[in-house]
Amino acid sequence: MSNNAAAPLPTETPEWQTLLTLSASARQMSIHQQFENDPQRFDKFHVAQNGALFDFSKHLITDEILAALTGLLSSCGFEEKRAAMVSGEAINLSENRAVLHTVLRGTGTQKEGAQEFVKTSMHSMMWITNKIRTDNTIKDVIHIGIGGSHVGPALAYDALKNVADGPKLHFISNIDGAFVKETLSKCSPDSTAVIIASKTFTTQETMANAHVVKDWISGTQNLYAISDNTDGAQSFGVPADHILPMRDWIGGRYSVWSSIGLPVAIAIGFENFTHFLRGAADADQHFLLSPPENNIPVLMALLGVWYRNFMDYRAQAILPYAQGLAKFPLYLQQVDMESNGKSVSNQGAFIDYKTGPVVFGEAGTDAQHTFMQCLHQGTDVIPADFILFKNANHDLHGHHTMLNANALAQSKALMDGQENQAEPHRHFPGNRPSSTLILEEQNPYNLGLLMAFYEHKIFTQGAIWGINSFDQWGVELGKTNAKTILEALKAENTSIKTDSSTKSLLSHLCGKNTKNL
Ligand code: F6P
């Protein structure tokens with residue numbers, strides 16, 4: 001079964017009913033008690049792989065639940081869907097596109113020309129990287145892009161600052177003039193390279209920001225572009241040999257491995273960038289070859305489906321205990337929510353079961369002093385992923401130990417709770433599930449591994465839910481409205497340089513014409 005549309009929906013499988021039945025007893029289950037009953041629980045419910053340790057013992061699961069979840073996975077055609085993705089079939093049905101971010105890190109495909117394209121574009125990327133890194137006049141790089149053309153590189157730069165020895169990176173994404181002005185004030189037009197990253201080269205925000213920065217930089221010798229629309233980039237004024245091409249089989253939110261990663265390569269050097277790709281490639285091999293009960297992304301996905309569809313939990317907290325990963329929740333918000341925030345099956349029909357959760361998070365320990373209250377004592381149960389690094393990449397070792405102690409303390413508090421009926425405000429119900437993912441240290445390889453684990457988790461959930469994780473039609477209506485409203489506001493204010501009047505803004509808020517107010 002290679003056709004995504006032909007696989008049964010999860011609710012049509014026998015395991016769906018089994019899991020519904022099991023969820024009734026799971027609601028009474030005590031995780032703590034499970035540990036008491038089975039001293040081997042941690043041994044059974046953890047996976048060690050490529051230097052990563054994934055502990056999923058603190059969850060509301062048993063062997064029986066896990067077996068039913070892996071049964072569900074297989075009944076939904078997961079193996080066939082996974083094989084279809086990596087072989088280059090057009091599994092993005094609504095856009096008739098292949099989904100091949102894996103080939104960018106060397107995981108093979110049968111799609112004609114794909115490997116050749118990757119080889120050529122990596123070569124050009126390396127050339128531009130080395131050209132900019134060895135040009136002593138370039139001190140800063142401004143990367144202009146939004147969504148998938150921004151968040152991955154911005155995350156990777158933050159996470160890998162400890163190995164960044166190239167020009168300083170700045171990112172402009174939002175269409176907020178103050179943000180653009182502030183960024184430009186930190187750089188000089190003579191010593192800055194500018195990268196315009198847009199797969200389509202039509203995105204309103206990116207194009208508007210790119211025009212301002214192009215006027216600021218004067219001349220095109222330090223102007224670069226990454227796009228699937230090379231004609232658009234050339235007409236904009238980017239020199240032909242400064243344009244890195246994309247392909248339609250590289251989804252925006254899965255594109256940091258492609259030439260979209262150029263600013264990261266410039267900051268950390270091409271060799272470090274290849275370590276980043278190697279981490280992701282190793283995650284691919286693990287995902288493709290390991291059985292479900294030993295497969296980190298698959299287990300993450302099964303736990304998510306269990307909570308979303310059978311325990312009725314609505315959110316997922318992402319808690320990296322590393323400041324460099326502060327943007328990881330934001331990155332996952334796009335990868336997860338833009339991929340699996342869907343209500344239509346691959347058969348093109350509305351579905352009647354839940355799909356992707358609300359994903360949110362923050363770097364620990366900041367999270368502890370903001371929203372963790374709600375995870376400990378709120379009325380919703382919110383499963384959490386704690387992400388830790390075993391070793392510090394700095395010499396404040398005491399800080400690192402304190403950071404990790406806090407992460408472990410939070411997961412223990414969530415699970416154990418604390419009885420206090422006399423003072424209910426001090427009562428912690430406990431039994432709140434969490435995973436812990438421990439990586440060796442913060443470096444390019446482990447960042448690649450981590451990001452690819454989550455990509456594959458999201459793919460696996462989409463495969464179970466029978467949805468298309470690779471389109472994003474839900475963003476279109478707002479974009480169209482913005483264009484219409486912009487035209488109307490411009491017409492009313494005669495010049496784009498004039499701010500919108502309160503009256504004209506109100507008219508659109510009320511859905512009325514100004515004349516009717
Ligand atoms: O917000 C929708 C979206 O299409 C994202 O999927 C994409 O990452 C982003 O816009 C940017 O698109 P582009 O790279 O074409 O400018």
Side-chain angles (χ1 to χ4, degrees), residues 10 19 23 26-27 31 45 52 54-61 65-66 69 72-73 151 155 253 295-322 325-343 353-364 366-368 370-388 407 410-411 413-415 429-438 450-465 467 469 474:
L19 285 159
S23 68
R27 283 167 207 271
I31 307 173
F45 291 152
F54 178 60
D55 167 18
F56 61 105
S57 58
K58 293 178 186 150
H59 280 284
L60 290 157
I61 54 161
I65 292 167
L66 202 55
L69 286 166
L72 175 72
L73 181 76
V151 192
L155 161 66
R253 54 192 175 273
N295 192 317
I296 295 172
V298 169
L299 288 163
M300 286 175 164
L302 295 179
L303 292 163
V305 168
W306 170 238
Y307 292 134
R308 189 77 185 104
N309 297 109
F310 304 100
M311 302 294 279
D312 203 23
Y313 301 164
R314 296 162 190 191
Q316 169 70 57
I318 303 292
L319 304 168
Y321 274 69
L325 290 185
K327 290 200 177 91
F328 193 54
L330 170 72
Y331 168 79
L332 282 186
Q333 277 173 334
Q334 189 194 14
V335 184
D336 200 327
M337 295 170 83
E338 203 173 74
S339 297
N340 286 342
K342 309 278 165 69
S343 310
Y353 48 88
K354 305 286 185 200
T355 58
V358 172
V359 176
F360 72 102
E362 179 55 274
D366 284 348
Q368 294 169 204
T370 52
F371 57 73
M372 286 303 287
Q373 158 69 36
C374 179
L375 271 74
H376 288 289
Q377 291 184 316
T379 50
D380 277 278
V381 175
I382 302 174
D385 284 1
F386 291 92
I387 300 164
L388 280 68
Q410 290 295 318
S411 81
L414 285 169
M415 179 179 81
N431 217 26
R432 301 201 161 190
S434 68
S435 299
T436 306
L437 179 63
I438 304 180
L450 174 71
M451 290 167 78
F453 277 161
Y454 276 89
E455 282 183 349
H456 292 318
K457 167 200 170 176
I458 290 155
F459 168 84
T460 304
Q461 294 192 324
I464 294 173
W465 287 323
I467 55 177
S469 300

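Annotation: ring pair (Phe, Tyr, Trp, His ring centres under 6.0 Å) contacts of F453 (sequence neighbours excluded): H286. Under the side-chain hydrogen bond (donor to acceptor under 3.5 Å, both in side chains) criterion, S23 pairs with no residue, sequence neighbours left out. Partners of D312 under the side-chain contact (heavy atoms from CB on, under 4.5 Å) rule, at least two apart in sequence or in another chain, are R314. Take W306 and apply the side-chain hydrogen bond (donor to acceptor under 3.5 Å, both in side chains) test, not counting sequence neighbours, and it matches no residue. With sequence neighbours excluded, the residues forming a side-chain contact (heavy atoms from CB on, under 4.5 Å) with V151 are L330, Y331, Q334, listed by chain and number. With sequence neighbours left out, the side-chain hydrogen bond (donor to acceptor under 3.5 Å, both in side chains) criterion links Q461 to no other residue. Shown here are the ring pair (Phe, Tyr, Trp, His ring centres under 6.0 Å) partners of Y454, two or more places apart in sequence or in another chain: F328. Residues satisfying the side-chain hydrogen bond (donor to acceptor under 3.5 Å, both in side chains) test with K457, not counting sequence neighbours, are none. Every residue meeting the salt bridge (charged side-chain N to carboxylate O under 4.0 Å, His left out) condition with R253, not counting sequence neighbours, appears here in chain and number order: E338. With sequence neighbours excluded, the residues forming a side-chain contact (heavy atoms from CB on, under 4.5 Å) with M372 are L319, A367, Q368, L375, H376, F386, Q410, L414, listed by chain and number.
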message = As a quick check of understanding, evaluate side chain to side chain contact (heavy atoms under 4.5 Å, CB included) for N295 and H456, giving each step before the final call.
response = CA-CA 10 Å; N295 192 317; H456 292 318; over 6 Å; no

task = Take S435 and H59 through the test side chain to side chain contact (heavy atoms under 4.5 Å, CB included) and record every step on the way to the result.
result = CA-CA 7 Å; S435 299; H59 280 284; 2.7 Å; yes

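Looking at every heavy atom in both residues, G462 comes nearest to S469 through CA-OG, 3.4 Å. In terms of heavy atoms, R27 sits closest to M311 at NH2-CA, 3.6 Å. Across all their heavy atoms, L19 and L72 have their closest contact at CD1-CD2, 4.0 Å. Taking each heavy atom of G361 and P329 in turn, the nearest pair found is C-CG, 3.5 Å. The heavy-atom pair separating A407 from L388 by the smallest distance is CB-CD1, 3.7 Å. Contact detail for V381 and P433: the closest heavy-atom pair is CG1-CD, 3.6 Å.
The salt bridge (charged side-chain N to carboxylate O under 4.0 Å, His left out) contacts involving residues 295-310 comprise nothing, where partners must be two or more places apart or lie in separate chains.
Once rounded to the nearest 0.5 Å, the distance linking CG of L73 with CD1 of I464 reads 5.0 Å. Taking CG of L299 as the reference point, atom CG of L69 lies at 9.5 Å (rounded to 0.5 Å). The SG atom of C374 sits 7.0 Å away from atom CG of D380, with the distance rounded to the nearest 0.5 Å. Distance CD1/I387 to CD1/I438: 11.5 Å, rounded to 0.5 Å. With rounding to the nearest 0.5 angstrom, the CZ atom of R432 is 10.5 Å from the CD1 atom of I31. Between the CG atom in D55 and the CZ atom in F45 there is a gap of 11.0 Å [rounded to 0.5 Å].
Checking side-chain atoms of Y307 against main-chain N and O of I382 turns up no donor-acceptor pair under 3.5 Å. Panel note: side chain Q316, backbone V359; no donor-acceptor pair is recorded below 3.5 Å. Side-chain atoms of T355 come within 3.5 Å of backbone N or O of N340 as a donor-acceptor pair. Between the N309 side chain and the K354 main chain, a donor and an acceptor come within less than 3.5 Å of each other.
No side-chain heavy atom of I65 sits less than 4.5 Å from a side-chain heavy atom of F310. The shortest distance between side-chain heavy atoms of L302 and F56 does not fall below 4.5 Å. At a threshold of 4.5 Å between non-hydrogen side-chain atoms, the residues M300 and L437 count as touching. Considering only heavy atoms from C-beta on, D336 comes within 4.5 Å of P357 through its side chain. At least one side-chain heavy atom of V305 sits under 4.5 Å from a side-chain heavy atom of W465.
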